[in-house]
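Throughout, residue positions are numbered sequentially from 1 according to the sequence presented.
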Amino acid sequence: MSQLPTAQGMTPYTEAEVILISAPGATGKSAMSVYLSNKLDIPVLNLGKHPAVGANSISGLLMNNVVQEDTFVYHGGLKNGTCSMIIDGLDEAAIHITQDGFNSFLKDVAFFAKGAKGLPFVILGRPAVMEDAALELEVNDVKTTLLQIEPFTIPKAKEFIDNLQGKSYVSKYEKEYKEVRDYIIDQIGGFFKSESELNKNIFERFIGYAPVLQSISTLLSDKLNYHNLLDELKKNKKQKIDLLVDIVNRIVLREQTKIHDED
């Protein structure tokens, strides 16, 4: 995870009144919010599951979701450092309201955050809106840190696939497994092959994207005979673009299944 600069420089996260965490879809932001909530014993406000936000949204949501006599205590706690809140899905909120409404919501966040003794808000969302949110909070004199969840490096991507496959099984057929795993990654890399630094960066971001790695893992799991799978891939000349399309189709199927389950 890296810290991104904002228009007025960077506030070290240890001094921040609001921490924004930016990452593409399906990279585990919601899972992170649940983990932080359980670990730190603080509530999560998932904006994707609430009505459209706007002015006084924080106050209104507290009134609707916190025992009434505790609401004012919580208000004070956000200011004095005894309470915090995780806000997930900021990008989803932005889709359903005007820019003025979105800015009004951020002003409401700023009202509680400005001058707070602790860290009242950790906010997660996709990159499209997070830099704008950081700028708007800074305009309202809120000390803001913008963090970005980076894609996996190639070694970490391989480690992630290994963990999904199950190390106990992989260890029995380590040589064959690593050959087919690396073959798949190399063939996908071949699609982006170029002397261009831009293409290299695109490949590294693509192959470091968790849903891509999960799809590679499902491809490996479909046929646990790694030697036969490698022979099949080579025999069918399933290389570069064909393999890339297969991976993308698996991602689409996974997302469709998730949407169906949520419905």
Side-chain angles (χ1 to χ4, degrees), residues 1-5 13 19-36 39 88-91 122-131 145-171 173-194 196-222 224 226 229-230 233 238-255 257-258:
M1 188 179 293
S2 63
Q3 184 169 359
L4 299 179
Y13 71 89
I19 290 180
L20 302 176
I21 300 177
S22 168
T27 51
K29 294 186 299 298
S30 294
M32 176 183 284
S33 69
V34 172
Y35 172 80
L36 290 174
K39 186 75 173 178
D88 189 19
L90 186 64
D91 53 294
V122 175
I123 305 177
L124 300 94
R126 301 188 187 196
V129 302
M130 299 306 277
E131 289 194 25
T145 294
L146 177 56
L147 304 177
Q148 176 173 283
I149 298 177
E150 298 285 357
F152 288 104
T153 61
I154 301 298
K156 287 296 182 182
K158 292 179 180 181
E159 183 180 333
F160 184 77
I161 295 171
D162 296 348
N163 289 333
L164 290 176
Q165 286 298 110
K167 290 186 176 180
S168 60
Y169 185 88
V170 166
S171 63
Y173 310 97
E174 184 174 1
K175 181 177 180 293
E176 295 86 352
Y177 166 76
K178 286 184 176 180
E179 284 179 353
V180 69
R181 179 201 65 189
D182 293 350
Y183 176 85
I184 292 169
I185 291 174
D186 289 344
Q187 290 303 307
I188 294 173
F191 176 77
F192 297 91
K193 188 176 181 180
S194 170
S196 167
E197 189 67 24
L198 175 61
N199 279 6
K200 179 183 176 184
N201 289 338
I202 291 173
F203 166 64
E204 289 177 348
R205 295 190 72 83
F206 181 81
I207 204 66
Y209 184 48
V212 171
L213 303 178
Q214 290 167 329
S215 295
I216 292 174
S217 178
T218 63
L219 174 60
L220 291 165
S221 297
D222 283 348
L224 289 174
Y226 301 124
L229 175 59
L230 181 59
L233 290 172
K238 198 169 193 179
Q239 299 178 2
K240 298 179 183 177
I241 187 64
D242 292 334
L243 189 56
L244 186 66
V245 170
D246 189 341
I247 295 299
V248 171
N249 284 337
R250 289 171 185 272
I251 294 172
V252 171
L253 179 61
R254 176 177 175 272
E255 292 304 307
T257 302
K258 284 173 59 179

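- The structure places CD1 of Ile188 at 4.0 Å from CD1 of Ile216, a figure rounded to the nearest 0.5 Å.
- Judged by distance alone, the side chain of Lys29 and the main-chain N or O of Ala23 form a donor-acceptor pair under 3.5 Å.
- Rounded to the nearest 0.5 Å, atoms CG (Leu124) and CG (Asp88) are 5.0 Å apart.
- Separation of atoms NZ (Lys158) and CD1 (Ile184) is listed at 11.5 Å; rounding is to 0.5 Å.
- Contact between Phe152 and Ala210 at its shortest, heavy atoms only, is CE1-CB, 4.4 Å.
- Ile161 and Tyr177 make their closest contact through CG2-OH, 3.4 Å (heavy atoms, listed as atom of the first residue, atom of the second, distance).
- In terms of the salt bridge (charged side-chain N to carboxylate O under 4.0 Å, His left out) criterion, residue partners of Lys175 (sequence neighbours excluded) are, by chain and number, Glu179.
- In this structure, Leu164 and Leu220 have side chains that are not in contact, with every pair of non-hydrogen atoms separated by 4.5 Å or more.
- Taking the side chain to side chain donor-acceptor pair (under 3.5 Å) definition, one finds that Thr218 meets it with Arg250, sequence neighbours left out.
- Taking the salt bridge (charged side-chain N to carboxylate O under 4.0 Å, His left out) definition, one finds that Glu159 meets it with Lys156, sequence neighbours left out.
- Phe192 is not listed as a side-chain neighbour of Ile207, based on a closest heavy-atom distance of 4.5 Å or more.
- Put simply, the side chain of Ile202 does not reach to within 4.5 Å of the side chain of Phe191, judged on heavy atoms.
- The backbone N or O of Pro211 lies less than 3.5 Å from a partner atom in the side chain of Ser215, making a donor-acceptor pair.
- Here the CG atom belonging to Leu213 is positioned 7.0 Å from the CD1 atom belonging to Ile185, to the nearest 0.5 angstrom.
- Salt-bridge check for Asp162 with Lys178: failed, with every basic side-chain N at 4.0 Å or more from each acidic carboxylate O.
- Atom-to-atom distance recorded for Met32:CE and Ile149:CD1 is 4.0 Å, nearest 0.5 angstrom.
- Between Tyr173 and Tyr226, the two ring planes are perpendicular [angle over 60°; tilted spans 30° to 60°].
- Counting only N and O atoms by type, the side chains of Ser22 and Gln148 include no donor and acceptor under 3.5 Å apart.
- Residues Glu204 and Thr153 bring no donor and acceptor atom of their side chains to less than 3.5 Å of each other.
- The distance from the CD atom of Glu176 to the CG atom of Leu230 is 9.5 Å, given to the nearest 0.5 Å.
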